Engineer: 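Have a look at the structure that comes next, please.
What you see is a predicted model, and the numbers here were worked out from it, not measured in a lab.
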Amino acid sequence: MQLTAPAAGRPATRTRDADGMAVASFILGLLGLLVFNIFLGPTAIVLAAASLWRGTRRKGRAYLGMGLGVADLLVLLAFMQVDSTLSWSF
């Protein structure tokens with residue numbers, strides 16, 4: 001027996017939040033290719049995974065954000081091998 005009516009707006013809010021996280025992961029992944037890839041790469045990966053888990057409607061952006069986050073870490077690894085440092089410079 002249910003005494004109160006279910007919240008009608010709750011699933012839409014959750015999907016909207018997940019869509020925002022998918023877009024944020026994509027943007028952070030793009031920015032991470034240029035600056036702060038040691039921080040922005042893992043953040044993009046976590047946001048993309050969370051948005052996919054919450055059921056985003058923008059799955060393509062979430063997957064792109066996850067791929068860009070991984071690419072951020074690969075770029076960092078490549079520059080670390082070349083420069084033997086934790087940062088890269090031009």
Engineer: Group every Ile, Leu, Val, Met, Phe, Trp and Tyr by side-chain heavy-atom contacts under 4.5 Å, then state whether Val35 and Val82 land in the same group.
Structural biologist: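 Not linked; separate clusters.
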
Engineer: Taking only residues two or more places apart in sequence, or in another chain, which ones meet Leu30 in a side-chain contact (heavy atoms from CB on, under 4.5 Å)?
Structural biologist: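 For Leu30 the side-chain contact (heavy atoms from CB on, under 4.5 Å) partners, ignoring immediate neighbours, are Phe26, Leu68.
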
Engineer: What's the shortest heavy-atom distance between Asn37 and Gly32, and which atoms?
Structural biologist: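 Shortest heavy-atom contact: CB-O, 2.8 Å.
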
Engineer: Please report the closest heavy-atom contact between Arg58 and Thr56, naming both atoms and the distance.
Structural biologist: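 Nearest heavy atoms, Arg58 then Thr56: N-OG1, 3.1 Å.
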
Engineer: Determine, stepwise, if the pair Asp72 / Leu76 fulfils side-chain contact (heavy atoms from CB on, under 4.5 Å).
Structural biologist: CA-CA 6 Å; Asp72 293 345; Leu76 176 67; over 6 Å; no

Engineer: Quick check: do Met66 and Leu52 have side-chain heavy atoms less than 4.5 Å from each other?
Structural biologist: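 Yes; the side chains approach each other to less than 4.5 Å.
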
Engineer: Could you tell me which non-hydrogen atom of Gly65 sits nearest to which non-hydrogen atom of Ala48, and how far apart they are?
Structural biologist: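 That would be C-CB, 4.4 Å.
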
Engineer: Grouping I, L, V, M, F, W and Y whenever their side-chain heavy atoms are under 4.5 Å apart, do Ile45 and Leu74 come out in a common cluster?
Structural biologist: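 Same cluster: Ile45 reaches Leu74 through Ile, Leu, Val, Met, Phe, Trp or Tyr contacts under 4.5 Å.
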
Engineer: Residues two or more places apart in sequence or in another chain: which of them pass side-chain contact (heavy atoms from CB on, under 4.5 Å) with Phe39?
Structural biologist: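 Phe36.
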
Engineer: Please report the shortest heavy-atom distance between Ser51 and Met21, naming the atom on each side.
Structural biologist: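 Nearest heavy atoms, Ser51 then Met21: CB-CB, 3.8 Å.
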
Engineer: Looking at every non-hydrogen atom in both residues, tell me the closest pair between Asp17 and Arg54 and how far apart they are.
Structural biologist: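 Nearest heavy atoms, Asp17 then Arg54: CB-NH1, 4.0 Å.
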
Engineer: Using side-chain heavy atoms (C-beta onward) and a distance below 4.5 Å, is Leu77 in contact with Leu73?
Structural biologist: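 A side-chain contact is absent here, since even the closest heavy-atom pair is not under 4.5 Å.
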
Engineer: Which residues pass the side-chain contact (heavy atoms from CB on, under 4.5 Å) test with Ile27, sequence neighbours left out?
Structural biologist: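 For Ile27 the side-chain contact (heavy atoms from CB on, under 4.5 Å) partners, ignoring immediate neighbours, are Val23, Leu31.
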
Engineer: Between Leu47 and Ser25, what is the shortest heavy-atom contact and its length?
Structural biologist: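 In terms of heavy atoms, the two residues are closest at CB-CB, 3.7 Å.
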
